[in-house]
Each structure stands twice: as C-alpha cells, then as structure tokens.
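Have a look at the structure below before the remarks.
For clarity, every value in this text was computed on a predicted model and none was experimentally measured. Chain A is the first sequence line, chain B the second, and so forth, proteins listed ahead of strands; every chain is numbered from 1.
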Number of protein chains: 2
Amino acid sequence: MARTQGSHSDITGPRIRKAALGLFARHGYAAVSMRQIAAEVGVQAGALYNYTPDKQSLLFHLMHEHMQELLSAYGELTQPENAFEALHQFVRFHIRFHLERPDEVFIAYMELRNLTPENFSEIEALRRKYEDALEAILRKGQGAALFDIADTKVATLAVIAMLNGVMTWYRAGGRLSLDEVEQNYWDMVRRSVSA
Amino acid sequence: MARTQGSHSDITGPRIRKAALGLFARHGYAAVSMRQIAAEVGVQAGALYNYTPDKQSLLFHLMHEHMQELLSAYGELTQPENAFEALHQFVRFHIRFHLERPDEVFIAYMELRNLTPENFSEIEALRRKYEDALEAILRKGQGAALFDIADTKVATLAVIAMLNGVMTWYRAGGRLSLDEVEQNYWDMVRRSVSA
DNA sequence: GTCTATAGCGTGATAGAC
DNA sequence: GTCTATCACGCTATAGAC
C-alpha cells in the first residue's frame, strides 16, 4: 500500500490532514506523534514537514478550516424573516452539519487548549461569530414577542450546549432516525424559549 | 517553600492529587509530565511513586473520587414526591455541584479517552447511574402528565448537556449571580419538558 | 519518604542523499 | 518529495543511598 519512493505532492497533503484529523479526534492532539501520523499516511516522519511547518500548524489548519466551513455553510442559507422559522432552521442546520463531521467537531471543542494563544484567539473569534448568529435570532424573536427569554446570551449558550449533546450519543442506524432526532431537539429548543 | 528532605506521608499524597488535578485540567493529561506535577508539589519526580503506582492511576483516582462524590451528594438529598419539584431540585443541585468543582468536572469530561478500557468502563458506569437518576424523574413526571416528552432518554441527555454548558462561561463575580443563573436554566429546562 | 542518577525509549524537528 | 540518519531533549518508571 505505502509507496517508498516518488512524488505525491498533490495527494499527500490531504492525506496527512485526514490522518491527523482521525488520530487527533481519537487519541487527542498531545497524545499523537508525528510518527503515528506519518505511519498512517505511509511516509516517513520527515516527509510531513514538506506540508506543514510543525505539528501545531497541522492542528490549527484543521480547526480553522472547520470553523470557516461552518460559517460559510450557515451563511449560504436564506434567513427566514420570521424568527421562529429562523430558529427552526438553525436547529436543523446545527444538528445536521455537526453530525456529518464528528471528528472535526470533536477536535474543535477538545483541542482549544492545545492551540497557541494567537491561534486560540483566531478560532475563538470564529466560534463567537457563529454564536452571534443564533443570538441575533433570539433577540429578534424576543422583540417580536415570539420568545420569552430572560437572558439572550445565556439562552444562546444553553441552546448550543443542548444541541451539541447530540454528538455524544447519536450514531447513524441507531434507534432514532436523523429526522426524529431533529424533531426531538426542535421540540425542546422551541419550548425552552417560547412565550 | 519546597523541602528537600524529610517525611511527609500524611500531606504529600493530597498535595500530589491537588497538583495533578489543576495541571490535568489546565493542560490535559497527555500534555502534563510527572516532573511538572512533582515540581508543583516541591518534590522530585521519583517521590510521586510512593503515592501512585503510575500516572494512569493518578488520573483514574481523581475521576473516580469525583463521580463517587457526585452520586453520594445527590443521594443524600431527600427526593420530592412531585416530579416537577424533583426536576427543579436536580437542576439546582447539578449547577451548584458542578460550578463548585470546575477542575474535576473538566477532567471527568475531557479525559475519558485517556483512561485504560477497564478504568473507562468503571467511570462510565458511574456516569450512567447519575443520568439514570434524572431519567427516572422525567419518566415519573411523564407518567403523571406533568411533562410532555417525546423520548425520555434523549431528553435526559439534552437536559444534562444544556446544564453542563454553564461550566464553559460562568465565573463567580460576573454579570449574573449564581441564583440568577440557576433561575435562568430552570426556566429553560422546565419549559423544554413541560406539558 | 525523599533524594540522585539513570535505564530505556519516544519526541519534534532538521540535514543531506537521491 | 521522500528517504535515512540523527540531534537534542523529554518522558515514565526504577534502583539504591540516606
């Protein structure tokens, strides 16, 4: 399987990131060595440094790309005028997007402390932008008397935390279908903020 | 500060666990060395092995003790007959207990993958017992028509996930008092499951 | 019970051949 | 672009003096 010689600039890079993604998610950034990543790709450890200046950049790249994709995917949705519908769309989007990327999500939440301070700030800013999108919906619905929320910031974080919980237990092919899961969470989120 | 000789069997053990707790919470189990823990306690690395057979046992001990305390503290509460009141008590207990032990909670959630399979199973069983306590409340309230829940298992995990979210942002002395935080979350939890 | 010293190994990253 | 070889260092855990 693994070639021992030759040029693969176009495919080795993605394969390294994919291997790092899986290993970081499974064992944690600090517990994974560059040699392990190289072995999974089928190259020697030194070859990795043709694609990343260091291990930290590998982690940052994965997290940054994930957050950018999250924001751009959500940004492409057309926002319903009605805040109630907008919240419904957010809930469905959040669950579906995150369940499709378990490794990326896991890393984005668990490995924040292994980023350098500069890298941490950058990722944190992106995460904040996503939270702000939800908070804007809650504020709008509160203004329209659709919602009854004591504190929109707390509610924003509570809703996201509740939705993130689905990652810890949902497995495709389990007792509940994805649609049923979405319906379950939407029922709870809707009622938790409704007037 | 650090003694260089002498006997301290009665105090060094707890100090090691306390140092490990803080370092594991801040930097992660895999990223913390026995030398770092020893330095914080003020002894040499070799001395740690008078108190723990290895690093893994240190982690397991911290997580196991935390889960035991959680279960015993909750078990000491007198359970209200009314499921609505029982849920209210659970929410307040969960928030208060967890906010009092940020390091222990952080480790209990983040370091599960760094446990050996045997140790993982043991911790997981304790966590499951705690979840079962909440699920029993939801089932009881559902039976009494106090709650309207599509799936009690999903609701159990959703409520705990929502409540755990408070750990990521609450800081004593911040904008909201502990009582206000409890009230906010209780409002949301109550409505999310109410008939 | 703590120390010093060290065994045995793994780490991230680099140099130079091909 | 990948290889082999290596540097310089850190790691867990142990041995034996005190």
Would you kindly give the [atom1]-to-[atom2] distance between [X] and [N], to the nearest whole Å?
| X | N | atom1 | atom2 | answer |
| --- | --- | --- | --- | --- |
| A/Ile37 | C/dG10 | CD1 | P | 17 Å |
| A/Gln56 | C/dT11 | CD | P | 18 Å |
| B/Asn50 | D/dT14 | CG | P | 12 Å |
| B/Asn114 | D/dC11 | CG | C1' | 15 Å |
| A/Arg15 | D/dG1 | CZ | P | 15 Å |

Closest approach to the side chain of [X], judged atom by atom: which nucleotide of [options] is it?
| X | options | answer |
| --- | --- | --- |
| B/Ala47 | C/dA13, C/dC3, C/dG1 | C/dC3 |
| A/Tyr51 | D/dT2, C/dA13, D/dA13 | D/dT2 |
| B/Val43 | D/dT2, C/dC3, C/dA13 | C/dC3 |
| B/Tyr49 | D/dC3, D/dA13, C/dC3 | D/dA13 |

Reckon [X] has a side-chain N or O less than 4.0 Å from the OP1 or OP2 of [N]?
| X | N | value |
| --- | --- | --- |
| B/Ser33 | D/dC11 | yes |
| B/Thr12 | C/dG1 | no |
| B/Gln44 | C/dT2 | no |

Aromatic contact between B/Phe97 and B/Phe90, with the criterion being ring centroids under 6.0 Å apart: yes or no?
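No; B/Phe90 has its ring centre 6.0 Å or more from that of B/Phe97.
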Would you kindly compare A/Gln36 and A/Gly46 by the position of their nearest DNA chain C nucleotide and give the one closer to the 5′ end?
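Its nearest nucleotide being more 5', the pick is A/Gln36.
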May I ask you to test the A/Met63-A/Leu112 pair for a side-chain heavy-atom distance under 4.5 Å?
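They are in contact (side-chain heavy atoms under 4.5 Å apart), so the answer is yes.
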Is the side chain of B/Gln56 donor-acceptor paired with the backbone N or O of B/Thr116 at a distance under 3.5 Å, no angle test?
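Looks like yes, one N/O pair under 3.5 Å.
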Counting distance only, does the side-chain N/O of A/Lys129 pair as donor-acceptor with the main-chain N or O of A/Glu124 below 3.5 Å?
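Absent.
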Are more than 12 heavy atoms, taken from residues, nucleotides or ligands other than A/Lys153, located less than 6.0 Å from that residue's NZ atom?
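Counting neighbours around NZ of A/Lys153, more than 12 heavy atoms of other residues, nucleotides or ligands fall under 6.0 Å, so yes.
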On a plain distance test, is the side chain of A/Arg35 in donor-acceptor contact with the base of C/dG10 below 3.5 Å?
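No, the side chain and the base share no sub-3.5 Å donor-acceptor pair.
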